[in-house]
Amino acid sequence: MKIKFLTILSIAIAMFAVACGKSDADLQKAVQDKLTADKVTGVTVVVKDGVATLSGEVADITVKSKAEASAKTVEGIKSVTNDVKTK
């Protein structure tokens, strides 16, 4: 009986931990921090349901691509929508 209870408790704790993943606000900050660390300027990010949407204006397609690649590396980001414009 004790083993069954501990097994059920362990499963419940594991499910709770998975369900409590990073919030969209946490992910948004993480992506913005990553962009800053990668010296990508002129790009802002909004995260909803784990999807990062990039916007802003950058000098060229290289910076636009770098912003998308940087955002994709953040753990918890499901996909990236790149709405960044080039000059």
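For the pair S70 and L35, the tightest heavy-atom approach, listed with the atom from each and the gap, is CB-CD2, 3.9 Å. Nearest approach of A52 to I77, heavy atoms of both residues: CB-CD1, 4.0 Å. Of all heavy-atom pairs between V40 and A67, the closest is CG1-CB, 3.8 Å.
Checking side-chain atoms of K66 against main-chain N and O of D38 turns up a donor-acceptor pair under 3.5 Å. Without hydrogens or angle criteria, N82 side chain to V84 main chain gives a donor-acceptor distance under 3.5 Å. Judged by distance alone, the side chain of S65 and the main-chain N or O of T62 form no donor-acceptor pair under 3.5 Å.
Distance check: K29 NZ to K22 NZ gives 10.5 Å after rounding to the nearest 0.5 Å. Note that CG of L27 is 10.5 Å distant from CG of D49, once rounded to the nearest 0.5 Å. Here T36 contributes atom OG1 and Q32 contributes atom CD; the two are 5.0 Å apart, rounded to the nearest 0.5 Å. Rounding to the nearest 0.5 Å places NZ of K78 at 10.5 Å from NZ of K48.
Side chains of D60 and T86: no donor on one and acceptor on the other come within 3.5 Å. Under 3.5 Å, the side chains of D26 and S23 contain a donor-acceptor pair of N or O atoms.
Residue T53 is tested with V80, T44, V45, T81 for a side-chain contact (heavy atoms from CB on, under 4.5 Å); the sole match is T81.
Residues K64 and E68 are not paired through a salt bridge, judged by the lack of any N-O separation under 4.0 Å between the basic side chain and the carboxylate.
V46 places a side-chain heavy atom less than 4.5 Å from the side chain of Q28. Put simply, the side chain of L54 does not reach to within 4.5 Å of the side chain of D83, judged on heavy atoms.
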